[in-house]
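This report concerns only the one structure given below.
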Amino acid sequence: MSRASERLRLLIGHLDRSPAVLAAATAAQTLSLYPQKLRYTMDNDLLTSEERLFYEQNGFFVVKNLVSDEYIDLLRRRFEHICQEEVNIPGLMVMRDIAISKSEFVPDQRAVSKLQDFQEDPDLFQYCTLPQILKYVECFTGPNIMAMHTMLINKPPDAGKKTSRHPMHQDLHYFPFRPADRIVCAWTAMEPVNRQNGCLVVLPGTHTGTLKEHDYPEWEAISCHYASSDCYYIDVKGTTQENIENEVKELAAKKYPTAINITFQDTWAFRGRLVQGERHTL
């Protein structure tokens with residue numbers, strides 16, 4: 001078995017157990033603004049030396065039972081209320097599975113595949129501010145923390161069109177800010193997950209590589225991405241990220257037709273929320 005395969009086996013073993021928060025590095029190699037012995041973690045009193053080294057090598061680690069079952073139940077009920085159109089959250093994108101939304105599963109949570117940008121919903125956004133999560137996030141970003149991208153992902157049974165599949169990707173492809181060393185995702189499974197029902201999968205060690213070109217495949221859980229507020233925006237023109245910049249700007253123009261000259265950076269500055277410390281460059 002190759003080293004990468006062995007690491008993937010280890011990850012799957014973690015995900016087959018109790019719900020946990022997964023801290024995952026965004027994949028791409030970049031020069032850090034924070035020269036230190038270990039590149040991806042800050043000096044702290046929380047992580048052990050073994051945990052820091054594991055993260056340096058693999059780009060993820062698992063903290064079991066960090067979020068209580070009672071709180072996850074509250075999140076699940078809020079998700080159901082949104083899916084049933086009982087509440088309307090400004091700026092929230094409710095993304096539906098096209099194949100399922102045309103069936104008898106409308107309008108409830110079985111037709112919704114993702115809630116995106118829930119920063120305006122106080123109930124869901126409370127997840128991003130949980131002290132037990134932020135104390136770990138600080139180990140990767142430092143004390144000044146911005147919540148930059150929020151998602152609640154749902155995986156209803158596939159309707160036979162492969163529409164529930166989500167290809168492997170690098171989150172950094174969507175982010176026009178750096179350094180990547182100070183960006184991290186906290187992911188919590190809201191129910192038991194395994195290979196059979198569609199768990200989150202990462203390829204260990206790829207966070208040290210380069211950013212790959214992304215495209216859409218030819219096919220008919222709740223999380224928050226954090227970044228140090230000392231990160232800075234970059235110009236993605238002429239890079240593999242330019243296509244996502246054009247996509248986002250088109251969507252923003254449709255969503256906010258009265259706004260003029262919205263930039264890619266503007267969309268991220270609008271989404272970002274300070275959750276700890278001071279807001280600097282972002």
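As the structure is a computational prediction, the values presented were derived from the model and not from experiment. One-based numbering along the sequence shown.
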Any side-chain heavy atom of [X] within less than 4.5 Å of one from [Y]?
X: Pro179; Y: Cys231; answer: yes
X: Val275; Y: Phe125; answer: yes
X: Asn243; Y: His173; answer: yes
X: Met146; Y: Ser229; answer: yes
X: Val201; Y: Cys199; answer: yes
X: Thr188; Y: Leu66; answer: no
X: Tyr71; Y: Tyr127; answer: yes
X: Tyr136; Y: Val63; answer: yes

Look up atom [atom1] in [X] and atom [atom2] in [Y], then write down how far apart they are to the nearest 0.5 Å.
X: Leu200; Y: Cys185; atom1: CG; atom2: SG; result: 8.0 Å
X: Glu245; Y: Thr267; atom1: CD; atom2: OG1; result: 9.0 Å
X: Gln170; Y: Leu203; atom1: CD; atom2: CG; result: 10.0 Å
X: Gln84; Y: Phe79; atom1: CD; atom2: CZ; result: 10.0 Å

* To do: If you link ILVMFWY side chains whenever their heavy atoms are less than 4.5 Å apart, which other residues fall into the same cluster as Ile153? By chain and number, please.
  => Met151
Listed partners of [X] passing side chain to side chain contact (heavy atoms under 4.5 Å, CB included), at least two apart:
X: Ala253; result: none
X: Asp73; result: Arg76, Arg77
X: Glu278; result: Asn144, His280
X: Ser49; result: none

Between [X] and [Y], is there a donor-acceptor pair closer than 3.5 Å when you use the side chain of the first and the backbone of the second?
X: Tyr226; Y: Leu134; answer: no
X: Arg52; Y: Thr41; answer: yes
X: Glu120; Y: Pro90; answer: no
X: Glu56; Y: Arg39; answer: yes
X: His225; Y: His149; answer: yes
X: Gln265; Y: Ile234; answer: yes
X: Asn44; Y: Leu47; answer: yes

* Phe140/Tyr55 aromatic ring centres below 6.0 Å -> yes
* In chain order, what residues pass the side chain to side chain donor-acceptor pair (under 3.5 Å) check against Thr281, with sequence neighbours excluded? -> none
* To do: Report the residues that fulfil side chain to side chain donor-acceptor pair (under 3.5 Å) with Gln126, sequence neighbours left out, ordered by chain and then residue number.
  => none
* Are Leu251 and Leu92 joined in one hydrophobic group, where the rule is that I, L, V, M, F, W and Y side chains link up if heavy atoms are under 4.5 Å apart? ->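 Each belongs to a different hydrophobic cluster.
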Salt bridge (Lys or Arg N to Asp or Glu O under 4.0 Å) against [X], all qualifying residues, sequence neighbours excluded:
X: Arg78; value: Asp121, Asp123
X: Glu242; value: none
X: Glu138; value: none
X: Lys254; value: none

* Of all heavy-atom pairs between Ser228 and Leu282, which one has the smallest distance, and what is that distance? -> O-CD1, 3.4 Å
* Asked: Of all residues at least two apart in sequence or in a different chain, which pass the ring-ring contact (aromatic ring centres under 6.0 Å, His included) check with Phe177?
  ->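 Phe175, Trp268.
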* Asked: Pick from Tyr40, Phe61, Phe60: which one makes a ring-ring contact (aromatic ring centres under 6.0 Å, His included) with Phe54?
  -> Phe60
